[in-house]
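Reviewing the structure listed below.
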Amino acid sequence: MSFELPEEMQLLKETVRRYVDSEMIPIELKTCDGVTLKPEFRKKFDADSKKLGLWLMDVPEEFGGQGMGVLATVVVTEQIARTTALPSRGGTFTGPSVRAILYELSDDMKERYLYPVIRGEKHGCFGQTEPDAGSDPGSMRTTAVREGDEYVINGVKRFITGAGEADFIQLMVATDREKGSHGGITCFIVDMDTPGVALTTQYETMMGDKPWEIVFEDVRVPAGHRVGAEGEGFTLGQRWLGAGRLRHGARALGVAERCIEMMTSYAKQRVTFGQTLSDRQAIQWMIADSFVELHAARLMVYHAAAKADSGEEFRQEGYMSKYYADEMAFRVADRCMQVHGGIALTTDLPIERFWRQARSYRITEGASEVMKMVIARNILRTYG
Amino acid sequence: MKILVAVKRVIDANIKVRVRHDGSGVETANVKMAMNPFCEIAVEEAVRMAEEGIADEVVLVSAGPGPAKETLRTGLAMGADRAIHIVTEETLEPLAVAKLLAAVAAREDPGMILLGKQAIDDDCNQTGQMLAALLGWSQGTFASKITIDGDTITVTREVDDGLETVALTRPAVVTTDLRLNEPRYATLPNIMKAKKKSIDPLTPDELGVDITPRLEVLRVTDPPAREAGIKLDTAAELVDKLVNEAGVL
């Protein structure tokens, strides 16, 4: 039983780590306007990603990508997360974020949506959350009703990241509210310029990104824009979110590792009352706890990723990884802030940004409590 | 032309080196290791020559225990074609390494052997020179530029009083200095390709080389901690101290 990364993954980790250390961390405080990557840095990072051969690494080979597995994505995501050079949301390093659901489209729809996304010509966003249905998609109220060759969509989606720049939305709606998440949810691709789609409110968030509320009023969509069969939406969504949860875990590892690097280096330099902080037990314990927790989280995330790559069922490991790693990253970022004291509250250091991001991870894409609820449900089903 | 590149696994340049408590050497257990930076420059130069069509094969060679394979794999991921791993647990001195490389050169018949000018662990700066002497080949050390024209290898050397240019006749031994090039990042496709490239194991016995150490390390100590400086009021005081205390004037 080996707990080490395979040799090639180790090499990948080293190469990306080196890139992050020399090309991203030195400029990390000036790459973004708020949370938008400045165009000149977008250009640089895209070119660098191609130079490193990371471009479209997770896109299947049949669609022009490299078909690398989940573990490779986790390894790269972990290293890129060690810097705030890229915004934490909507700023991937390995090319356009291609949502797995697009691979399920019919050939004609692939030409219109999947390939343009891969080429960077079109952008999509994902719409599931509603004012009264966040972690409980079964209770969503946005509906699609079939009328001849079309569906008519009505409802409201909230906190949709990237909706302002999106050409289309991958929209989850109820086609049978009775059934809810058990066969009542269907996925559609809806062009944002379809009559009846309106961006209404934009929210300001502590992480800096500005998600939208979108209203759908008698929006008519051709039946061919349905992804999969009617009622299959939740299953398809789960498949996409499954791998996404591991990405969450990987991001948390990177944030925690960098925070540990920063807090140890600062603790050794900073002298108060004639002693370095690193000589004080209170600080040592923060460092020790952080390191132990990071180690545990890394084993969990890598294990889940390896399981996913070998085709085994990894959902429970995915929930556990997201829950544990996201909670861990926030504790570590918080300790890092505490060790640094006042300077960590300023924007002269990336710590406050890591802290705000890590805080948000505990809520987005499945809050920790929801993860625990699902984990417990699986345990109760298995034992006793 | 075939290029043979020697690479060494050393403690990562970014790691703070610690002396073992018993003074027998530096701590390498549980310490991050990497390819010696000067060797990386040598690999980069060889791969560039292959890309330009000057070299038709780049063969890496490293001597050391099992994990030296990881270092070879890094070089393969940078673009080298294949690798030779001389497996040994023995402590290797520069002369032993030079003899091993000479034996490999006899088998491989390269047009040029590229090495880093020195390794950042022992800073010996001897292996390349010894290798050239053992083989009876020309040598160009501390290269900051290498150009090849037919059988002539022109090497610009970084020496104390400037740049010296020497013309060598193939086959030759060239050692690399810091400013020769900037090594590339291994790309993901090349990392995946490197997985399939061969690393052939050899032993010093198979090469007929006696690697018994000739030197005995008495002790290894930390460099003395730097003492705080003092401020002087006049230039005369400074001259006085340089003459009477430091004894340098």
Side-chain angles (χ1 to χ4, degrees), chain A residues 2-26 44-45 47-59 61 64-69 71-77 79-80 82 93-95 257 261 264-265 268-269 278 291 295 309, chain B residues 7 9-16 18 29-37 39-41 43-44 47-48 51 60 62 65-80 83 85 178 181-199 201 225 228:
Chain A
S2 172
F3 287 95
E4 298 301 318
L5 282 176
E7 199 178 45
E8 70 278 9
M9 290 297 126
Q10 192 64 45
L11 267 174
L12 177 63
K13 184 173 177 171
E14 283 302 314
T15 214
V16 180
R17 185 183 183 90
R18 200 159 135 180
Y19 172 78
V20 169
D21 284 345
S22 56
E23 309 265 346
M24 288 182 129
I25 288 178
K44 171 186 160 52
F45 292 144
D48 288 352
S49 168
K50 287 173 187 166
K51 198 172 79 187
L52 286 159
L54 299 176
W55 196 250
L56 301 178
M57 64 177 276
D58 55 347
V59 172
E61 282 170 288
Q66 301 189 58
M68 295 299 296
L71 185 59
T73 310
V74 161
V75 162
V76 173
T77 307
Q79 291 310 316
I80 300 291
R82 287 176 54 247
F93 184 68
T94 58
E257 179 161 13
E261 289 164 21
T264 47
S265 136
K268 285 200 276 190
Q269 288 168 29
S278 59
F291 197 76
H295 184 63
D309 277 344
Chain B
V7 297
R9 182 178 160 86
V10 298
I11 293 179
D12 189 292
N14 299 310
I15 300 283
K16 192 165 175 272
R18 275 177 311 174
N30 254 330
V31 171
K32 190 167 171 289
M33 307 291 277
M35 189 190 291
N36 175 40
C39 300
E40 237 182 348
I41 293 170
V43 176
E44 175 66 33
V47 170
R48 284 186 194 186
E51 285 166 351
L60 305 179
S62 187
K69 239 175 121 172
E70 290 166 22
T71 309
L72 289 169
R73 196 70 73 188
T74 305
L76 292 174
M78 287 173 72
H85 178 197
L178 195 63
N181 61 46
E182 213 172 291
R184 70 193 61 198
Y185 295 103
T187 67
L188 176 58
N190 280 342
I191 289 172
M192 299 314 285
K193 271 187 226 157
K195 231 176 124 176
K196 298 189 187 89
K197 293 178 182 171
S198 70
I199 299 180

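The chains referred to below are lettered A, B, ... by the order of the sequence lines, with proteins before strands, and numbering in each begins at 1.
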To the nearest 0.5 angstrom, please state how far the CD atom of Glu7(A) sits from the CD atom of Glu70(B). 6.0 Å
Value for OG1 (Thr15(A)) from CE (Met78(B)), rounded to nearest 0.5 Å, stands at 9.0 Å
Value for CG (Leu11(A)) from OG1 (Thr74(B)), rounded to nearest 0.5 Å, stands at 4.5 Å
Glu14(A)/Arg73(B) salt bridge by N-O under 4.0 Å criterion: no
Side chain, backbone, both or neither of Ala186(B) within contact of chain A (heavy atoms, under 4.5 Å): both
Heavy-atom contact with chain A under 4.5 Å, split by part of Lys193(B): neither
Spatial distance of atom NZ (Lys196(B)) from atom CD (Glu8(A)) [nearest 0.5 Å]: 9.5 Å
Here the pair of heavy atoms bringing Leu188(B) nearest to Met68(A) is CD2-CG, 3.7 Å
Starting at CD1 of Ile191(B), measure out to CD of Gln10(A) and round the result to the nearest 0.5 Å. 10.5 Å
Side chain, backbone, both or neither: which part of Ser49(A) has a non-hydrogen atom closer than 4.5 Å to chain B? neither
A quick test of your reading: do over 12 heavy atoms of other residues, nucleotides or ligands sit less than 6.0 Å from NZ of Lys13(A)? yes
Minimal non-hydrogen separation, Gly53(A) against Pro189(B), with atom names: O-CD, 3.5 Å
Residue Lys268(A) excluded, over 12 heavy atoms near NZ under 6.0 Å: no
Identify the heavy atoms of Glu23(A) and Tyr185(B) that sit nearest to each other, and give their distance. CG-OH, 3.5 Å
